[in-house]
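One structure below.
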Amino acid sequence: GDVRIVKVADGAKVSDVQSVIDTGGVPSAIPMFSKGGALYGIVAVDLYQQPGEYQMTVYEAASKQALSTKALIVKQGEFEKSVSPRWNTQVFGQADLERIAREKQAMAEALRTSSSQPLWQDGTIYPIEKTDHTGLITTPFGQIRMNPAQDWYRFHRGTDFQAPKGFPILAIATGKVAHLGHDYLLEGNITVIDHGLGIFSSYLHQSAFLVKVGDEVKKGDVIGRVGSTGNSNAPHLHLALRISGAVVDPLQFIEALRGL
């Protein structure tokens, strides 16, 4: 689930090269951007990626010739553990499972098309304003949720922020609204924003939408209101992030790009 910024080349243009990560399946593109005369890539490793040695390769765009190949070492992650009899107790019937599958498919369709431009180049911001009573991280990315009566566990695939119902939710970066999910069984009311080059942020459990599909949003724009819709016990914001399909820590992305 880690996110890192790496220098790809000096004096090159984004159009000159392509970079990919090969983790044993279909190689995934590395989003790239220019800054200060250098070319950088956003390297993202999926939460579920097995530890091992993989490859990052930079190609010349015109000839497809490999310019450089570097090793990408993925180590076993260390995540907070939460053991409670309240975890993983929900039982879904066949109708619920079919509904969840339909809703997952709708979100997957939205993630298939992304802007060819790095819309996030004016930097990032946290989605909940930090005050004495809001913005606290209540559940970190990757938390392992275990029920002592079960022999399996689940990862928390995003970051939870404390906030009361109706509190403004901010777009973490400039982008375009790619999907609105209305009253999904798990995610509740969810907004998905395309930030370009395969980077998508998702905002779950909202009580209200304040944007529509196709809207262009700026970093810090209010895109919805905090709620407790879907599979949620209390009002909060669950923020999730994908980069080239990889499920990653949204806070690492925010921190890596805040200084742009």
Side-chain angles (χ1 to χ4, degrees), residues 1 46-48 79 82-114 127-128 137-147 149-172 175-194 199-215 222-243 245-250:
D46 187 78
L47 172 64
Y48 298 98
F79 300 104
S82 176
V83 180
S84 171
R86 68 188 178 95
W87 292 134
N88 312 328
T89 57
Q90 195 165 6
V91 178
F92 297 109
Q94 186 60 35
D96 287 338
L97 293 174
E98 291 174 357
R99 175 182 169 186
I100 290 171
R102 290 194 303 271
E103 293 166 352
K104 295 293 185 188
Q105 181 61 32
M107 287 189 287
E109 291 286 342
L111 298 180
R112 287 180 181 173
T113 303
S114 182
I128 298 294
I137 296 171
T138 54
T139 309
F141 174 83
Q143 183 191 69
I144 297 173
R145 294 176 167 180
M146 307 176 68
N147 187 315
Q150 300 167 343
D151 59 0
W152 55 281
Y153 59 86
R154 288 180 177 171
F155 284 110
H156 189 242
R157 294 157 53 94
T159 301
D160 287 351
F161 293 85
Q162 176 189 23
K165 181 178 179 180
F167 199 79
I169 299 170
L170 312 178
I172 64 169
K176 188 174 183 178
V177 179
H179 181 71
L180 297 181
H182 294 265
D183 195 29
Y184 280 3
L185 189 62
L186 299 179
E187 297 85 1
N189 293 324
I190 175 174
T191 297
V192 180
I193 298 177
D194 171 26
I199 300 177
F200 294 87
S201 59
S202 300
Y203 310 77
L204 282 64
H205 309 307
Q206 297 175 80
S207 61
F209 297 108
L210 297 178
V211 291
K212 60 183 183 298
V213 172
D215 282 354
V222 179
I223 55 101
R225 302 286 182 184
V226 169
S228 186
T229 55
N231 186 22
S232 170
N233 295 319
H236 71 285
L237 172 67
H238 176 104
L239 175 69
L241 193 84
R242 283 182 180 264
I243 299 179
V247 176
V248 298
D249 185 342

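We count residues from 1, following the sequence as given.
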Report the distance from atom [atom1] of [X] to atom [atom2] of [Y], rounding to the nearest 0.5 Å.
X    : Y    : atom1 : atom2 : answer
I169 : L237 : CD1   : CG    : 5.0 Å
K165 : S207 : NZ    : OG    : 6.0 Å
Q94  : L97  : CD    : CG    : 5.5 Å
N189 : R225 : CG    : CZ    : 14.0 Å
L111 : S202 : CG    : OG    : 6.5 Å
I223 : S201 : CD1   : OG    : 7.5 Å

Checklist entry - Going through the checks in order, is the side-chain contact (heavy atoms from CB on, under 4.5 Å) test met by H236 and H205? => result CA-CA 7 Å; H236 71 285; H205 309 307; 3.4 Å; yes
Heavy-atom side-chain proximity of [X] to [Y] below 4.5 angstrom:
X    : Y    : value
F92  : I100 : yes
V247 : R242 : yes
Y203 : I193 : yes
P235 : S228 : yes
T139 : H156 : yes
I172 : L170 : no
L47  : F79  : yes

Item to check | Passing option when E187 is tested against H238, Q206, K104 for side-chain contact (heavy atoms from CB on, under 4.5 Å) | outcome: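 Testing E187 for a side-chain contact (heavy atoms from CB on, under 4.5 Å) against H238, Q206, K104 leaves exactly one candidate, K104.
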Next on the checklist: Exactly one of L239, D160, T159 should register a side-chain contact (heavy atoms from CB on, under 4.5 Å) with I137. Which one does?
Outcome noted: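 Exactly one candidate clears the test, T159.
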Checklist entry - Given D96 and R99, is the salt bridge (charged side-chain N to carboxylate O under 4.0 Å, His left out) satisfied, shown in steps? => result CA-CA 5 Å; D96 287 338; R99 175 182 169 186; 5.3 Å; no
Checklist entry - Can you tell me if D194 uses its side chain to pair, donor with acceptor, with the backbone of F200 under 3.5 Å? => result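 Flag not set: sc D194 to bb F200 has no pair under 3.5 Å.
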Item to check | Member of E103, E109, R102 meeting the side chain to side chain donor-acceptor pair (under 3.5 Å) criterion with Q105 | outcome: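 Going through E103, E109, R102 one by one, the side chain to side chain donor-acceptor pair (under 3.5 Å) with Q105 is satisfied by E109 alone.
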Side-chain polar contacts of residues 177-185 - donor-acceptor pairs under 3.5 angstrom, sequence neighbours left out - could you list them?
| residue | atom | partner | partner atom | Å |
| --- | --- | --- | --- | --- |
| H179 | NE2 | Y184 | OH | 2.9 |

Next on the checklist: For I128 versus P168, what's the shortest heavy-atom pair and its separation?
Outcome noted: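 Result for this residue pair: CD1-O, 3.7 Å.
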